Each structure stands twice: as structure tokens, then as C-alpha cells.
Amino acid sequence: MSPTELSSKYDSKEVETKWYTLWEKNGYFRPQSDQNKSTVHGPQITEKKTVDRGPSTVDSPYVIVIPPPNVTGILHVGHALNNSIQDILTRWNRMKGRDTLWVPGVDHAGIATQNVVEKKLAKEKITRQQIGREKFLEHVWKWKEENGSTITRQLRRLGASCDWSRERFTMDEGLSKAVREAFVTLYERGLIYQGDYIINWCPRCQTALSDEEAEHKEVEGGLYYIKYPISVSEAKGSPVAQFIIVATTRPETMLGDTAVAVNPNDERYKYLIGKKLLLPLVNREIPVIADEFVDPQFGTGAVKVTPAHDPNDFEMGNRHKLERINVMHPDGKINEKGGPYNGMDRFEARKKIIVDLEALGLFVEKKKHKHAVGHCYRCATIVEPYLSKQWFVKMKPLAEKALKAHAAGKTKFYPDRWTKVYTNWLEGIRDWCISRQIWWGHQVPVWYCQKCQEGRGKKEEGREKKDASLFSLPSSLGIIVARETPIKCPTCGGTDLQQDPDVLDTWFSSWLWPFSTLGWPNKTDDLKHFYPTSDLITAPEIIFFWVARMIMAGVEFMGEVPFSKIYIHGTVRAEGGLKMSKSLGNSIDPIEVIDEMGADALRFSMIMLSAQDVYLSREKFEVGRNFVNKLWNASRFVLMNLGSSTVDSRQSTERNQDTETVDHGLLTVDFLPNRWILSRLSKVTETVDKYLNEFSLAQAASELYHFVWNDYCDWFIELSKPVLEKGSAAEKSETQQILLFVLETIMRLLHPFIPFITEEIWQKLKELSANSDQSSETIMLAPWPKSSDFPRDAQAEKSIEWLQNAVSGIRDLRTRVNLPPSQTVQAVVATANQEVKKVFEAFIPQIKVLGRLDSLTIESNFQKSKAYLGNAFADFEVFIKIEGLVNPEEERKRSQKKIAEVEGWIKGITSKLSNENFVKNAPSEIIDQEKLKLSDAQKLLKAYHEHLSLFQ
RNA sequence: GGGCGGUUAGUUCAGUUGGUUAGAACGCUACCUUGACAUGGUAGAGGUCACAGGUUCGAGUCCUGUACCGCCCACCA
């Protein structure tokens, strides 16, 4: 096969491997600025640089950081969409000549990864507790070495043009340094504290979770009504009631009750306030307290108070100085404080307690009760509000700065409606619990001096009783918060230092991502050059987890928001609306799709569907597959029909006497269809740019799809066939040039969307083209098309539209009378446009043009095509000699209706134009617009009247 | 409980500031094995733009209300 031929079938696998390897090897993914310095990063860009794209000083670098996928992750359709979008934007900006960087990386995903490795060890009957922290972490690192690059390999299959020489991992050395820097800085600014609070506890993972990590789901549960008897010690005299009935959704927590609360204004219970109750099963005396929090309308208006197991009760406990009795082990089993229930699982205990209360006659009833219950986002276990000592970040001050930046217009969400979601969350922000009781992650950079601690323990004892809720961390008490691992205690010089065993929330490293990946806290060149980044592309579900926190971190640590535009794309769902997920078994493996149809097909299909949430099924990928196939075959056609000579689109050709020579920027073109396709190309180029600028990737793709398929293939290529066969030498040669030129431009326009096939085809076209624009060694670095290089030609567009309508109209009539394709029909076309007439006569097959009608008379054996109505402003008629098909009655009615409509329109514009206020105040261009509309409407009215007259 | 989004062809969705005949893809019907492509071509059928009011010469588009669907947030036990 010659180097300029294409095989009859596109082999996506071969092409994809070939080009991706080459791109990466040649350093095309790296920012252009890298070539100016000898960096240590990856391969050098060896080959000569491409084209001069004009002054590059005006453009700031274009930078995206990848939302780091979990190291345990495998590419799912959500990743495929997210990264396709990022790649499109990256490639587009790179072609526009901007210094472009897409930073890739992977997240260590604390709990998720730990779970995976634990499961793996469980198969060998090993628990992490058995082997200890150090050994376990070795296993995790080993697992990471062996399996951690799956996702980045898969991103390569997708075509992602990330700068892999800058790939980062949230646990690598640099990022660990960043994490410590952030923690200590916040600590120094008084924004980090440790304290005993009710947090979300996952009894399975045995760790604290942040509020965002507890997913609330509606659950059909029970509301249990239980009698709490009034203590006999209070029963002197004659109490009106023997007991108070409380309502609870979690009866097992009653073991830790230390009060019952009622609303101070609740008449039913007022007299009981201050009295003592006898807590059933436990037989502890607890007081009745009054608290505004209690809603008299709910349940019985009396609430059991369990400060150690419920956030509200915790608050009440603080207000009333109640004791906190923790009745649960970290694994969710009742502890020794729970007396006879010691050792039982919380849900088991719930059942048993109800049975026991029933036996005592203290259980009233269980009512059905729908309420939201928190579930662990990793393992879906019901989380337990649990009292424990954790590290927190004070978020208010951070959120305020982020809000200020937003008010100053520094962050913009696309689509805009997410803005409010973001600001609302910031406004109601709560402190962030950042410590986790797992092993895989960044260990809290806090050390305790054993010696000082002993002394402190004694001091603390006295005060713990008073207020254990919160204590600051005076370093004098042997607590060391440091960037570098300390060797000895600064207070006493002791060397027995123990690091806090907790690790930090995974998001505590992710929120630093936009600057930690560029080298922070070191003042690196990358950081200086590439921060802040440009766009952030992500899914709605991590706006709180990640986006908002990154913005806060950026403002706090860098003094600048990390990115200015945030594009939130849709969620990928299965047909029927359910989110695609492995657990539901309704997911599609993108790698399978790539194997089967190619990465380009996958990307293009997903982007076409991405105007909002993406509803996927296997069949949906056929759109992209078919398109890729179409493109391949159109290219084959062009390459087969170029003739042997190399084409230079600038070269002049012999001019046709009849037609005007039109200068199309770079090109000089005569022939009407050629002028038309260039004009369409111009329009499409402009539109694609506009859509990409506003993140409307689906519209951009759709625009290109229809241009290629309908304009280029269906009309231009089809029209070129008779031209190549029987056109004049000049027409023929010009058409060949334009076929090539437009195809080459199409490749560049499509390259960001479907990088592989466009590179493959472009390389072949390049060899045939003498156009200097195409001299770069890869399409990746070829310049992005500029619509000004081939400006619009309104006249040509109008003429071809005329022709299209006429041809369609004739074909319509042909089908309706069942004419075989081979049969020529006689047609009369009426047009004053000589060019159109010429194209029609010379190149529209199977239609014999009889002549030209200047007046609208119809011979009886000619039938009028409905193409007449195709464009009310186009002054043409088509008649072909076939038996009757037009219904005059219908035509008359339609005309009358239209006439009435247009008359109303004219009336409206006229009244607007005669409105004094309007004429006086409206901007002149608006008035001109109205006048133009009026004249158009009058023309239209005339056309309809003429049409009507044909059928009177 | 609060907030947000949606309701347009058989299906999945576009529809920019109100304006000629509401578009596309898939599906469907008829014809076409035409030397780029049957993963194709030509043509066609198919819509009371959820419902009820309102503004306007004119509403899928703006306003008010209703119904249904979906999503997010939320410490009333």
C-alpha cells in the first residue's frame, strides 16, 4: 500500500498503540515551555519545533490538574467522560499554541485502599492487627507497586494527553511534605484543634468519618416508645404520673442515658422538671431537665438524653453538665457499661432490650418511622454517632476567605446553577474532622513526649471532669506539632516521643492537589509558572469533598484561588436513570468498548451525550463508531481521488470567465460548491470555538458531526463526484484542492475529540499537501484552525441552500411516484442565479434541466415540488414533469394561515416602531434590527401572497 | 424539612436574547447491493412542547400556580 492510501478498514487498536507510544516518547504531552530548559522530567522534545503561531506572550499557560483517581480504581465510564473532557480541553488549548500542562496523578484513598489490602490478607487468614502497623504498610506499598498503575495505564488507552513526567501520588515524598506543611501552618494559625466530640463512626472500618463521608439514606425504621418510671425516691406525696414515656429510634443507647429532656414550656411535664427518673434495665437515677431543643410536637415531647451517642444530646449534655456514658466498643458492640448487654452487637442489643422492657411492662409500642440514617460511604455500614477524641479543622475562617474570593468573581461555575450549591455549603460550613483511625495515610504530625505526658496526666485529671469537651494543645505539656519528625522534646529534652497513631483524612492531601503537585511548599519554577491552574473538570458529587476544599486551601496557603473556572459535568447513568456502578451490575467497562470499537468511538459517543447527565447503554457507542467509520471512508475517497500531483491550495488555477473570483483568505476559489464548503467550514470553526469556550462540548461535537456527515460527505463529496468526472480542468483541480483542504482542517478540528484517527489520517494528508500549515510532525501540535483564514461567503451559502432545496424537492417527488434511480426526469427550475443554474445543469445527475422560468406559470403536466417552501426568501421554483401530487386546497389553507400570522407580526413591529418611547430610547442598532425585521416580514408576506395566487 | 433540576417525536435528548415550517440521534416505513462508507444512501411517517392561567401582534422560550419524576443537602429524638 502506498503511503497515501488507507486500508479499507480502520484498525483502531494498531493505530492507537502506535500513536500514543510515539506521542509520549516524543514528549508532546509536556508543556511547550519545557523545551526551553533542561529539566529532569522525562524525555526531551527532540524534533524541531513546529509553526510560528504568532505572539505567545499574550496567553497565560493552560493548566488542568486531574481529579486524582483512587489508586485502587479501575477506569469506569465516569472516569472516561471526565478525562475525555479534560483531554479535549487540553488538546484544544495546546493546538491554540498555549503553554499547556495537564498534571496527572493518583490518590492514595485511605480507607478504600486499606480495605482492599485487608481483604487480600484475609484470604491468607492474616489480619492487620496480627502483623502490626509497619508490616501492614509494607503490604500496602507492595500492593500499590503491583496494582497501582492500572488506572493510569487505562487513561493512556483513552488517549489522555497528560504530562506523565509530572505524575504525582498523594503519598509521595513531596506531597507528604505538603501535607505536614499544611497541617502545621493551620495549627500555628489556630485553626486546628483536638477534642472529644460526637463524630460519625463506622464500626466496620473502625474509624471516624467526616460529615461528608456519612451518606444519609432514608430508612424505614421504628420509633420505640418506652416508659421511664419516676424514681421511688421522688414518689413522696402523690405524683400525677408514675412514669414518662420517651420515644427513640435507637433504644440500645438508653444504656448510656443520663437525663430525660422536655421543653421548658411544655405544660404536660413542667411539674416534673428537676425530678428523678429510674432508668430501666440499668437502674440508674437520671434527672428530668428542661431544654429548648425539645420539640413538644414530636413523639411524646420527652427525649432521652445520651450525651455520648447523639450529637444533640451531646450539646444538651454540655448545657446541663451531664455525664457522658459511652456504652459501645469501637466495633459497635455494647461494652461493660451496658451491664447485661455487654458484648452484644448494637442491633442485637436493640432487640433484646425491647424484649426485656416488654417483660417489665415498660415497652409501649413501636411506630413505623421513616428517617435518614448515615451510612459509611465506603462500606455502607450504618454509622454510629460516637464520642471520641479527634482532630478538627476550624472551617469558618477558611470558608469566609473562599466566599470573599467568590464575591470578587474569582471562581465561576459552569453551569452556573452549581454556584449556589457551593456558596450555600460554605455559608453553613461545619468543622472538618480530619483524623482517621486507620493506618494507610499521612500520619498526624503530632508527637507526644511520654515524660511530659505523665506530668500532664496528673494535671488533667482534675479538670477533665469539669470540661473534657475541648482542650487546646499547649506544647509545654509535651505535645509537639512539627514539620520535621522531632528527635527530642523541646520542653524536657526527653527522647521517648510517640507519634499520634491517627492518619489524616484522604481529602486532607487532595485539597492541596493544585499546588502540591507543582512542588509546594517548595517555591519551584513549576509552581511559579503554572499556578493558579485554569480549569477544573469534575463531577457534582465531589463539590464539597474536594472542589470547595481546594478553593479554601488555595486561598489559605497560596493566597489565590487554585482555578478560575469549574466545569461540573453530568453523572453517567444506566438507561432507566440509575447511577452506573459495579455493585448494581449495570456498568459498562470502557476498556471493553475501546477494545471493541476504539477509544475515539468511546470518546465521541460520550461527548455527544454529555449535554447533561449521560444515559448509557452499549448501543449508544454506535454513534461514535459509525462516525469514525464515516470519517475513515470519506478520507479514503479523498485520497483515492486526488490524482497523482501534489496539491497546493494556494496555487492559482485557470479562471472561469462566468464566475467571480472570490478571495477566501488563504485560498482563492472560484467554483460555487467550493466556496460554499469553505464558508460552512468557517461557520463551524467559529461555532466550535464558541462552544468550547463555554464548556458546551456536546454542542461542539454535534456541530462537527453534522458538518462532516451532512455538509462534507452528503453534499460536498457527492457533488464533487460528477465534477471530478466531467468538470473542466480548472473545476476539477480546484475541487481536489478543496476536498483535501477541508478534510485536513476537519482533522484538526476533530483532533481534540478523537485524537487517534485524526492523527492517522492527518499524517497521510500531510504528505500530499504543500500547505505550510501542515508542516508540524504531529497533528497534536498543528495549529488550531482560524475561521478568518477562510471567511464566510453568504452568497455561496444561499445559492447552495437553494440548490439543496431544489434537489431534495425533486427527489421527494421522484420517490412519491416511485421512479427508478436510473430514470432521468425533466425539470424546470426557475432561478436568476447563473452559478446555481450551471451547477444544476452540469452536475446534478438524473435531472434534466429544461429551462428557466421567470414567471410563475405552471404547465398542466408539470408538478410543483414542495421545495418551493424550503426557503421563503429564496426566489426559486422547481417543477418536474410528473403526474399530479400537490393538493391545491391544502396549499391555499396553509398560505392563508401564514399570511394572517405575518400580518400580525408586521402589525407588532409597526406598533413598536411607532411607539415614541421606543424610538426615543432604544439603541439605534435595535431599531435598525426592527426595521430589518419589518422589511423581511413584508417580503415574506409578498411571497405568501404570490404562493396563494397560484392556487386561487 | 430545605434547595435545585426536569417534563418537547416510539425512545434518549437539543432548542442560545420571545419571531419564517420546533431540530438531532436511535428506532420505524418505502426504495436503493450506485467503485469512499450497508457502521451506508435517498425519501417519508411521527409532536396540542406535562397541565391551568397570565404578559404579548406573536410563547417550547417570560411570569404565576398545579401535578408528576429525579438529584443534592439536613443532628428533631
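Each chain gets a letter, A, B and so on, in the order its sequence line appears, and its residues count up from 1. Note that the structure is predicted; figures quoted are calculated from it, not measured.
Between A:Trp425 and A:Glu694, the residue anchored closer to the 5' end of RNA chain B is A:Glu694, taking for each the nucleotide with the nearest heavy atom. A residue-by-residue look at A:Glu212 and A:Thr248 shows that A:Glu212 has its nearest nucleotide of RNA chain B further toward the 5' end.
Side-chain contact annotation: A:Glu215 with A:Tyr377, donor-acceptor N/O pair under 3.5 Å absent.
For A:Asn424, whose side chain is taken as the heavy atoms from C-beta onward, the closest listed nucleotide among B:rG3, B:rG5, B:rC76 is B:rG3. Listed nucleotides: B:rG5, B:rA74, B:rA25. Nearest to the side chain of A:Tyr705: B:rA25. Ranking B:rA77, B:rU12, B:rU16 by closeness to the A:Lys620 side chain, first place goes to B:rU12. Distances from the side chain of A:Arg625 to the nucleotides B:rA36, B:rA77, B:rU39 place B:rU39 closest. The side chain of A:Asn626 has B:rG40 as its nearest neighbour among B:rC4, B:rA36, B:rG40.
Counting only Watson-Crick or G-U wobble pairs whose defining distances are both under 3.5 Å, the stems of 3 or more consecutive pairs in RNA chain B are B:1-7 with B:67-73, B:10-13 with B:23-26, B:28-32 with B:40-44, B:50-54 with B:62-66.
Centroid-to-centroid, the aromatic rings of A:Trp632 and A:Tyr10 come within less than 6.0 Å. The distance between the ring centers of A:His569 and A:Tyr414 does not fall below 6.0 angstrom. Ring to ring, A:Trp418 and A:Tyr422 are not that close: their centroids are 6.0 angstrom or more apart.
Comparing the same atom, P, in B:rU66 and in B:rG2 gives a spacing of 13 Å after rounding to whole Å. Rounded to whole Å, the P atom of B:rU8 lies 10 Å from the corresponding atom of B:rA14. For the P atom pair drawn from B:rC4 and B:rC63, the interatomic distance equals 14 Å after rounding to whole Å. Separating the C1' atom of B:rA9 from that of B:rG3 is a span of 33 Å, rounded to the nearest Å. Annotation: B:rC69 and B:rU56 have their C1' atoms spaced 32 Å apart (nearest Å). Straight-line distance between the P atoms of B:rU48 and B:rA43: roughly 25 Å, to the nearest whole Å. Taking the C1' atoms as reference points, B:rA45 lies 37 Å from B:rU55, given to the whole Å. Taking the P atom of each, B:rU34 and B:rU42 are spaced 15 Å apart, rounded to whole Å.
At least one test fails for A:Lys367 against the ring of A:Tyr224: distance under 6.0 Å to the centre or angle within 45° of the axis.
Rounded to a whole Å, the CD1 atom of A:Ile286 is 14 Å from the C1' atom of B:rA77. Between A:Glu215 atom CD and B:rC71 atom P there is a gap of 13 Å when expressed in whole angstrom units. Rounded to whole Å, atom C1' of B:rA36 lies 12 Å from atom CG of A:Leu724. Summarising the geometry, the separation between CD on A:Glu703 and C1' on B:rG15 is reported as 13 Å, rounded to the nearest angstrom. As rounded to whole Å, 11 Å separates atom C1' of B:rA74 from atom CZ of A:Phe544. Rounded to whole Å, atom P of B:rA74 lies 16 Å from atom CZ of A:Phe293. Straight-line distance from the CD atom of A:Glu315 to the C1' atom of B:rC76: 14 Å, rounded to whole Å. Atom CD in A:Glu619 sits about 14 Å away from atom P in B:rU12, given to the nearest Å.
Using a 4.0 Å cut-off between charged nitrogen and carboxylate oxygen, A:Glu703 and A:Lys690 do not count as a salt-bridge pair. The pair A:Glu686-A:Lys683 does not count as a salt bridge, with every side-chain nitrogen at least 4.0 angstrom from each carboxylate oxygen. A salt bridge is defined here as a Lys NZ or Arg NE, NH1 or NH2 lying under 4.0 Å from an Asp or Glu carboxylate O, and A:Glu596 with A:Arg625 fails to meet this definition.
For A:Lys9 and B:rU39, a side-chain-to-base donor-acceptor distance below 3.5 Å is present, hydrogens and geometry of angles not being considered.
Rounded to the nearest 0.5 angstrom, A:Leu692 CG and A:Glu694 CD are separated by 9.5 Å.
The main-chain N or O of A:Pro296 is never found under 3.5 Å from a side-chain atom of A:Asn263 such that the two would form a donor-acceptor pair.
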Below 3.5 Å between N/O atoms, which protein atoms pair up with nucleotides 41-43 of chain B? Just atom names and distances, please.
unit_1 : atom_1 : unit_2   : atom_2 : d
B:rG41 : OP1    : A:Lys630 : NZ     : 3.2
B:rG41 : OP1    : A:Trp709 : NE1    : 2.4
B:rU42 : O3'    : A:Arg811 : NH1    : 3.4
B:rA43 : OP1    : A:Ser808 : OG     : 3.3
B:rA43 : O2'    : A:Thr815 : OG1    : 3.4

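With sequence neighbours excluded, no residue forms a ring pair (Phe, Tyr, Trp, His ring centres under 6.0 Å) with A:Tyr228.
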